Amino acid sequence: MSLRIYNALRKKKEEFSPLNDNQVKMYVCGVTLYDELHLGHARAAVIFDVIYRYLKHQGWQVKYVTNFTDVDDKMIDRAQMLNLSIYQLAERLMGEYSQQMHALGVLPALCYPRATEHLPEIIDLIKRLERKGLAYVSEGDVFFRVKKFPDYGKLSGQTPSELSAGARIEINEKKEDPLDFALWKKSKKGEPTWDSPWGKGRPGWHIECSAMAMKYLGETIDIHGGGQDLVFPHHENEIAQSEGATGKTFARFWIHNGLVTMSQAKMSKSTGNFLTLREALRGYPGEIIRFFLLSAHYRSPLDYNQTSLKEASLALRRVHTFLRKVDDLAKPREDTPVQNEEQINQFDREIDSNFDNFIQALNDDFNTPLAISAIFQLVKKANLFMEKVDLLNLASYNSLIKVRDRIRQMGQMLGLFQVKQQKESPSLESINELHQELAGIFKGKKPGGYFSTQIDQIKSLPPKQVIDLWVDYRNKLRRERNWALADEIRSKLANLGIILEDDKKGTTWRWSMRSRSDQEVADI
RNA sequence: GGCGGCAUAGCCAAGUGGAAAGGCAGAGGACUGCAAAUCCUUUAUUCCCCGGUUCGAGUCCGGGUGCCGCCUCCA
């Protein structure tokens, strides 16, 4: 089984292996630091994070670099509006970025180079292009001479003649040809500026990526990624600049993620059609958002609607419920007699073949929806197994542990199911509130035993123990067939976000996760 | 006008030649004091339409239709 990746350069899936036997060099275009992130940015980050994780899983050492664009027109405008320097604006947004990426379970890249910290490299690269006649100076600006680069259009399928015929190209008197693009822009008054051989100015948008990718990864990299909306002109121009300067292949594989749409239209800042990542994270844990983002193939468009995250949370809950069930299993004694031996062996084989299916799915151009379905199939089989094998012995227990570990292992490649759902401690206040509530139930009644005599002592116990006590007490009521009171306790606890579940083996409880935006319970 | 993508059940979504994955929602059932969780059964004989290739097509080819992206900053 080998990894096949759809290479946008050739518009087909190709077998992937790194140029240098063990090391993969991957560069992904990051964000421009001018405004909040939205789900579209999150999708790109999560997709390339999965690719990064999977490449590492293949045993390769992966050098993964993603940049920040920290100087451009929109940033300059925005910074002026906020009365900040572009540097301050960048710092602020980078802080949010790392916080939100962390919430999504995105692993840190090797480094996050910034355009403004690589002026010497950028200037060198432009000089190189100038020497080759691929760049020319015009009134303080420097442009790339597209006509001198014969391969122009090889990524996007655009050809210079067709582009020239198009009506949407900006007419600029300074350019020799409308297709030429800026490598260096002469600065206007009040704009951030750097010295250069061509006078004061700032880098054009595309050149930073070429310069920084080459600096950190070399002149030929294995994978270059970014959103589908970057194919033209950004990536096309990167190829022109880089290959024009070096004469070498810039990137062997080009990977583009599909865009997130909302109401069937591209999610985009400029159109106002977007959901910010901040908003999404206010309503749902990062893992749910991540799961949603991986629920479509990375090259397909992904449509967000009102119920997307709700559905994702329900689906994810299924897996978490299973993992928690296994985590809660008590290890049987060594001498528990083995039963259902054939069933257990059969189950073990299924676990392995299921894992193979998962790997095959990811090997086929990172097919995450298919990979995820393998996890669901395994959960289903395991639930069924648990149901059928009623007496848990060491062998069946070990099988279930194996499934759980497999799921966590698969989850690791997707960045899911890593954290056990923490039973966060409620505040002292809410525990006191709980007591008030529950004590109210007993007004005029005699709960008896522990609760009537030791109510003050209970208050000093850790919350988990208090809840356990109430659960015990409720079970006493249930044994007495006092359903009304038992149900009232359950409902009071539910108000505090504590879900009780009774089954044959007893009662377990867990915290639910509430969606703060719409009060819908998204417990996982 | 040019380049590219998509069209599969109520919804989301896999599937590039050989009996239509998975999830959500719905229906029925098992379990349960009731819930919850779990399990079982069930939901596409028309895979956008029309032609063609083939023993056989959602899958390949041709022609339509609809939607989307890029060609201007954009993950």
Side-chain angles (χ1 to χ4, degrees), chain A residues 8 11 13 28-32 34-35 37-48 66 69 72-75 77 153 156-159 161-170 179 205 225-234 236 256-261 264-271 291-292 295-297 299-305 307-308 310-319 321-322 324-325 357 361 364 367-377 379-380 383-384 386-388 478 481-484 486-487 490-491 494 499-504 507-508 510 523:
Chain A
K11 307 205 188 318
K13 288 182 196 171
V28 176
C29 289
V31 296
T32 300
Y34 83 103
D35 205 347
L37 299 178
H38 57 65
L39 274 190
H41 301 110
R43 184 180 192 202
V46 165
I47 283 167
F48 285 103
T66 185
T69 296
D72 96 315
D73 292 344
K74 277 181 305 189
M75 279 185 75
D77 290 348
S156 62
Q158 306 277 358
T159 61
S161 57
E162 279 155 354
L163 283 165
S164 302
R168 297 182 69 183
I169 291 173
E170 181 193 353
L179 292 181
W205 173 38
Q228 228 141 44
D229 51 353
L230 296 181
V231 174
F232 192 90
H234 185 56
E236 196 67 63
H256 296 108
N257 65 275
L259 305 181
V260 179
T261 60
Q264 316 300 324
K266 176 183 172 180
M267 188 171 282
S268 157
K269 282 305 224 183
S270 48
T271 55
F291 180 85
F292 164 65
S295 67
H297 184 86
R299 283 190 282 119
S300 306
L302 176 64
D303 195 62
Y304 169 84
N305 65 48
T307 58
S308 300
K310 175 75 180 165
E311 280 187 18
S313 75
L314 290 168
L316 206 50
R317 182 177 67 179
R318 197 174 156 76
V319 181
T321 299
F322 170 75
R324 194 182 53 240
K325 263 159 69 178
N357 292 342
D364 185 12
N367 191 335
T368 55
L370 192 58
I372 286 169
S373 83
I375 294 179
F376 279 98
Q377 281 170 356
V379 168
K380 181 161 190 160
N383 274 323
L384 199 55
M386 268 207 249
E387 195 129 310
K388 282 188 180 151
R478 290 175 67 218
R481 308 185 72 79
N482 189 345
W483 309 123
D487 288 352
R490 182 170 62 193
S491 116
I499 308 287
L500 299 192
E501 285 175 7
D502 303 322
D503 61 31
K504 288 168 195 159
T507 302
T508 55
R510 62 191 165 87
D523 51 316

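Protein chains get the first letters and strands the later ones, always in sequence-line order, with residue 1 at the start of each. This one's a predicted model, so the numbers in the text were calculated from it and none came from an experiment.
- Within 4.0 Å of Val231(A), counting heavy atoms only, lies no atom of the nucleic acid at all.
- A donor-acceptor contact shorter than 3.5 Å is absent between the side chain of Gln158(A) and the backbone of Gly153(A).
- The pair Asp77(A)-Lys74(A) fails the salt-bridge criterion, with no side-chain N (NZ, NE, NH1 or NH2) lying under 4.0 Å from an Asp/Glu carboxylate O.
- With P as the reference atom, rU42(B) and rG23(B) are 14 Å apart, rounded to whole Å.
- Only the P atoms considered, rC55(B) is 35 Å distant from rG66(B), to the nearest whole Å.
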_Sequence-aligned protein contact record of nucleotides 22-29 of chain B, with B where the base is within under 4.0 Å of a protein heavy atom and S where only the sugar-phosphate is_ = SBSS----
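- With sequence neighbours excluded, the residues that form a salt bridge (Lys or Arg N to Asp or Glu O under 4.0 Å) with Asp73(A) are Lys185(A), Arg202(A).
- With hydrogens and angles ignored, the 3.5 Å screen pairs a side-chain donor or acceptor of Arg43(A) with a backbone N or O of Gly258(A).
- Partners of Val231(A) according to the side chain to side chain contact (heavy atoms under 4.5 Å, CB included) rule, which considers only residues two or more places apart in sequence or in another chain, are Leu155(A), Ser156(A), His256(A).
- As rounded to whole Å, 11 Å separates atom P of rC34(B) from atom CZ of Arg490(A).
- Base-pair partner of rA75(B): not found among the strands shown (Watson-Crick or G-U wobble, both distances under 3.5 Å).
- With rA36(B), rG2(B), rA75(B) as the choices, the nucleotide that has an atom nearest any side-chain atom of Glu501(A) turns out to be rA36(B).
- Rounded to an integer number of Å, the gap from NE2 of His41(A) to P of rA75(B) is 4 Å.
- The salt bridge (Lys or Arg N to Asp or Glu O under 4.0 Å) check on Asp35(A) picks up Arg78(A), Lys269(A), with sequence neighbours excluded.
- Remark: Thr159(A) is not in phosphate contact with rC71(B), judged by side-chain N or O atoms under 4.0 Å from OP1 or OP2.
- The P atoms of rU8(B) and rC50(B) are separated by 16 Å, rounded to the nearest whole Å.
- Mapped onto RNA chain B by nearest heavy atom, Gly157(A) and Asp72(A) fall at different nucleotides, with Gly157(A) at the one closer to the 5' end.
- If you take atom P in rG58(B) and the same atom in rC68(B), they sit 28 Å apart, rounded to whole Å.
- Within 4.0 Å of Gly30(A), counting heavy atoms only, lie sugar-phosphate atoms of the nucleic acid but no base atom.
- Rounding to whole angstrom units, NE2 of residue His256(A) and P of rC68(B) are separated by 22 Å.
- For the C1' atom pair drawn from rG69(B) and rC73(B), the interatomic distance equals 15 Å after rounding to whole Å.
- Using Watson-Crick or G-U wobble geometry with both donor-acceptor distances under 3.5 Å, rU16(B) finds no partner in any strand shown.
- No contact: Thr508(A) has no heavy atom under 4.0 Å from any strand.
- With both pairing distances under 3.5 Å, rU53(B) is matched to nothing as a Watson-Crick or G-U wobble pair.
- Val260(A) is not listed as a side-chain neighbour of His38(A), based on a closest heavy-atom distance of 4.5 Å or more.
- The ring-ring contact (aromatic ring centres under 6.0 Å, His included) test applied to His234(A) returns Trp205(A), His206(A), not counting sequence neighbours.
- Judged by Watson-Crick or G-U wobble contacts below 3.5 Å, the nucleotide rU32(B) has no partner.
- Arg478(A) comes within contact range of at least one nucleobase, with a heavy-atom separation under 4.0 Å.
- Taking Lys325(A) as the reference, nothing meets the salt bridge (Lys or Arg N to Asp or Glu O under 4.0 Å) condition, with sequence neighbours excluded.
- Taking atom C1' on both rG18(B) and rA57(B), the two are 10 Å apart, rounded to the nearest angstrom.
- Judged by Watson-Crick or G-U wobble contacts below 3.5 Å, the nucleotide rG58(B) has no partner.
- Leu384(A) comes within 4.0 angstrom of the backbone, heavy atoms only, and of no base.
- Applying the 3.5 Å distance criterion, the base of rC73(B) shares a donor-acceptor pair with the side chain of Lys74(A).
- Separating the CG atom of Asp229(A) from the P atom of rG69(B) is a distance of 11 Å, rounded to the nearest angstrom.
- Distance CG/Leu39(A) to CG/Leu259(A): 12.5 Å, rounded to 0.5 Å.
- Considering only side-chain atoms of Asp487(A), the nucleotide from rA14(B), rA36(B), rG33(B) that sits closest is rG33(B).
- Looking at heavy-atom distances under 4.0 Å, Asn367(A) makes contact with sugar-phosphate atoms alone, never a base.
- Here the separation of rA13(B) from rA7(B), taken at their C1' atoms, is 13 Å to the nearest Å.
- Base pairing annotation: rC67(B) forms a Watson-Crick or G-U wobble pair with rG5(B), both donor-acceptor distances under 3.5 Å.
- Contact annotation: Asn305(A) side-chain N/O to rC12(B) OP1/OP2 distance is not under 4.0 Å.
- Contact annotation for Val28(A): no contact, since no heavy-atom pair falls under 4.0 Å across all strands.
- Whole-Å rounding puts the Asp502(A) CG to rA37(B) P distance at 13 Å.
- To the nearest angstrom, C1' of rU16(B) lies 10 Å from CG of Asp364(A).
- Rounding to whole angstrom units, CG of residue Leu259(A) and C1' of rG69(B) are separated by 6 Å.
- The nucleotide rU42(B) finds its pairing partner in rG26(B), both defining distances of the Watson-Crick or G-U wobble pair being shorter than 3.5 Å.
- Base contact: Leu500(A) has a heavy atom under 4.0 Å from a base atom.
- A residue-by-residue look at Arg299(A) and Leu230(A) shows that Arg299(A) has its nearest nucleotide of RNA chain B further toward the 5' end.
- Taking only side-chain atoms of Ala296(A), from C-beta outward, the nucleotide of rA14(B), rU38(B), rA75(B) with the closest atom is rA14(B).
- rA30(B) and rC67(B) have their C1' atoms separated by 45 Å, with the value rounded to a whole Å.
- Asn383(A) has its CG atom 19 Å from the P atom of rC31(B), to the nearest Å.
- The nucleotide whose nearest atom lies closest to any side-chain atom of His297(A) is, among rA13(B), rU38(B), rA14(B), rA14(B).
- Between the base of rA75(B) and the side chain of Arg43(A) there is no donor-acceptor pair shorter than 3.5 Å.
- Two residues are said to be in side-chain contact when any heavy atoms from C-beta on lie closer than 4.5 Å; Arg478(A) and Asp502(A) meet this criterion.
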